[in-house]
> 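Pasting a structure below so you can have a look.
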Amino acid sequence: MSGAEILRVEDVDVFYGASQILFGVSFAVEKGQSLALLGRNGAGKSTTMKSIIGIAPARRGTVSVRGTPVQKFTPDRIAREGVGFVPEDRQIFPEHSVDDNLRIAIKPGVGGRIDWTLEKIYDVFPILASMRGRMGGRLSGGEQQMLTIARTLMGNPDVVLLDEPSEGLAPIIVEKIGELIQRLRDMGTTLIVAEQNMHFCLDIASHAAVIDKGHIVYRGSIDELRANDEVKRRYLAV
């Protein structure tokens, strides 16, 4: 890990109409770190992810990528700045093959960097290699989740946002998704994982932030969170 800061969220407020959802949300992620953004359902995790990618723009505060403020950029511009987003609802192309879903997303990263190619994707995601001609709509939920993660990587992002990657999946599939994310972390991929399931994140995250009612109420290493029974009991119902 170089220690270079990739992304910073500073004092971000987000509103949906007249309703305020996020209140002064702040955290930062350095290159190679994996941050678990934890909280109960409705705590503000998905809105935080959408504020970073520009789908739910901040009304106040800043979102910076490698020191450049991006909170006024459109989502496509933020993606070109190096932010990859894996949405909760996956949004694959059901009438296109696995291979087509991946090829559609091919683009170099910032400065022309190419860390991910089709060959590398199929090496890291062998299950996708075995079904590259299958239509996206015929994949299982877990296979679609893997395809969405792989498709995001084809854009060679500097940081990958994963919104509830274990949501709605069978326990054995959740375990496989966790192993995949752990492998990406071990490869040096910078990750932010929004999750209700703290146990899912314990082996994949290096750091944690806990959000409750739109406020960040805890930040620390994943080991510090593991040892903090009060935070787990109060905010994560563990």
Side-chain angles (χ1 to χ4, degrees), residues 1 6 29 31-36 49 53 75-76 78-195 197 199-206:
M1 184 187 302
I6 296 293
V29 182
K31 182 177 175 61
Q33 284 185 344
S34 51
L35 174 73
M49 304 293 256
I53 198 64
D76 62 302
I78 294 172
R80 291 198 297 274
E81 291 292 326
V83 181
F85 180 48
V86 179
E88 182 180 2
D89 56 0
R90 300 167 192 150
Q91 297 183 12
I92 63 161
F93 298 103
E95 301 301 322
H96 289 73
S97 69
V98 166
D99 200 69
D100 286 342
N101 267 272
L102 295 173
R103 290 181 183 275
I104 287 167
I106 292 174
K107 72 176 183 67
V110 175
R113 177 178 47 78
I114 299 177
D115 294 329
W116 291 93
T117 62
L118 271 174
E119 292 74 17
K120 185 173 179 180
I121 286 291
Y122 285 137
D123 178 61
V124 175
F125 297 78
I127 192 170
L128 297 181
S130 69
M131 54 182 65
R132 64 182 69 190
R134 186 174 301 179
M135 295 299 105
R138 299 190 65 185
L139 303 181
S140 70
E143 291 162 353
Q144 288 186 5
Q145 185 65 273
M146 291 183 186
L147 177 57
T148 309
I149 296 170
R151 186 182 61 186
T152 300
L153 293 171
M154 289 303 299
N156 290 283
D158 290 329
V159 57
V160 177
L161 315 179
L162 297 107
D163 192 6
E164 302 276 10
S166 75
E167 180 71 18
L169 300 178
I172 190 169
I173 304 302
V174 170
E175 183 178 349
K176 291 183 181 298
I177 295 292
E179 290 170 355
L180 170 63
I181 296 172
Q182 186 173 13
R183 182 174 181 186
L184 294 177
R185 182 204 66 187
D186 293 344
M187 293 171 67
T189 308
T190 306
L191 303 164
I192 302 177
V193 183
E195 265 289 344
N197 185 347
H199 296 289
F200 175 79
C201 293
L202 288 177
D203 293 327
I204 65 176
S206 58

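Count residues from 1 along the sequence. Only a predicted model underlies this, so the values are computations on that prediction, with no experimental measurement involved.
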> For a quick test of reading the model, state the closest non-hydrogen atom pair linking Glu195 to Glu167 and the distance between them.
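That would be OE2-N, 4.4 Å.
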> Grab the two heavy atoms, one from Ser34 and one from Ala205, that are nearest each other, plus how far apart they are.
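Heavy-atom minimum between the residues: OG-CA, 3.2 Å.
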> May I have the step-by-step check of side chain to side chain contact (heavy atoms under 4.5 Å, CB included) for Asp76 and Arg80, ending in yes or no?
CA-CA 6 Å; Asp76 62 302; Arg80 291 198 297 274; 3.0 Å; yes
> Donor-acceptor pair, distance only, cut-off 3.5 Å: does the side chain of Gln144 make one with the backbone of Gly136?
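Answer holds: yes.
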> Would you say the side chain of Glu143 lies within less than 4.5 Å of the side chain of Leu147, judging by non-hydrogen atoms?
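They are not in contact (no side-chain heavy atoms under 4.5 Å apart), so the answer is no.
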> Between Arg113 and Asp158, is there a side-chain N and carboxylate O pair less than 4.0 Å apart?
yes
> Can you tell if the side chain of Pro165 reaches within under 4.5 Å of the side chain of Val193, non-hydrogen atoms only?
yes
> Can you measure from CG (Asp123) to CG (Leu118) and round to the nearest 0.5 angstrom?
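Answer for the CG-CG pair, Asp123 versus Leu118, is 12.5 Å.
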> For atom NZ of Lys176, decide whether the heavy atoms of other residues, nucleotides or ligands shown that lie under 6.0 angstrom number more than 12.
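Open: at most 12 neighbouring heavy atoms sit under 6.0 Å from NZ of Lys176.
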> Show your reasoning for whether side chain to side chain contact (heavy atoms under 4.5 Å, CB included) applies to Asp100 and Phe93.
CA-CA 9 Å; Asp100 286 342; Phe93 298 103; over 6 Å; no
> Nearest 0.5 angstrom please: Met49 CE to Leu161 CG, how far?
4.5 Å
> State, yes or no, whether a side-chain contact exists between Val159 and Ile192 at a heavy-atom distance under 4.5 Å.
yes
> Just wondering, do His199 and Leu202 contact through their side chains at under 4.5 Å, heavy atoms?
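They are in side-chain contact.
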> When rounded to the nearest 0.5 angstrom, what distance separates CG in Leu139 from CZ in Arg90?
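The CG atom of Leu139 sits 10.5 Å away from the CZ atom of Arg90.
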> Any heavy-atom pair between the side chains of Leu153 and Leu184 that's under 4.5 Å?
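Result yes, sub-4.5 Å side-chain heavy-atom pair found.
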> If you apply the rule side chain to side chain contact (heavy atoms under 4.5 Å, CB included), what do you find for Leu128 with Asp99, and how did you get there?
CA-CA 8 Å; Leu128 297 181; Asp99 200 69; over 6 Å; no
> For the residue pair Thr190 and Gln33, confirm or rule out a side-chain donor-acceptor distance under 3.5 Å.
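Judged by distance alone, the side chains do not pair up.
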> Quick check for you: to the nearest 0.5 Å, what is the distance between Phe85 atom CZ and Asp163 atom CG?
5.0 Å
> Are any non-hydrogen side-chain atoms of Met187 and Gln182 less than 4.5 angstrom apart?
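A side-chain contact is absent here, since even the closest heavy-atom pair is not under 4.5 Å.
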> Which heavy atom of Ala150 sits nearest a heavy atom of Ile121, and at what distance?
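Here Ala150 and Ile121 meet closest at O-CD1, 3.7 Å.
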> Would you find a donor on one side and an acceptor on the other, under 3.5 Å apart, between the side chain of Asn156 and the backbone of Trp116?
yes
> Could you walk me through whether Gln91 and Asp89 pass side chain to side chain donor-acceptor pair (under 3.5 Å), step by step?
CA-CA 6 Å; Gln91 297 183 12; Asp89 56 0; 3.1 Å; yes
> Taking the side chain from Ser97 and the backbone from Gly133, do they hold a donor-acceptor pair closer than 3.5 Å?
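Checked: no pair found.
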> How close do Ile114 and Pro108 get, counting heavy atoms only, and between which atoms?
CG1-CB, 4.1 Å
> How far does CD1 of Ile127 sit from OG of Ser140, to the nearest 0.5 angstrom?
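It comes to 6.5 Å.
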> For Met131, does its backbone N or O pair with a side-chain atom of Arg134 as donor and acceptor, under 3.5 Å?
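Checked: no pair found.
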> Once you round to the nearest 0.5 Å, how far does CG of Asn101 lie from CZ of Arg151?
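Here the rounded value is 5.5 Å.
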> Got Ile177 and Leu169 here, is their nearest side-chain heavy-atom distance under 4.5 Å?
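Side-chain contact under 4.5 Å: yes.
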> Would the distance check show the side chain of Thr148 and the main-chain N or O of Val86 forming a donor-acceptor pair, the cut-off being under 3.5 Å?
no
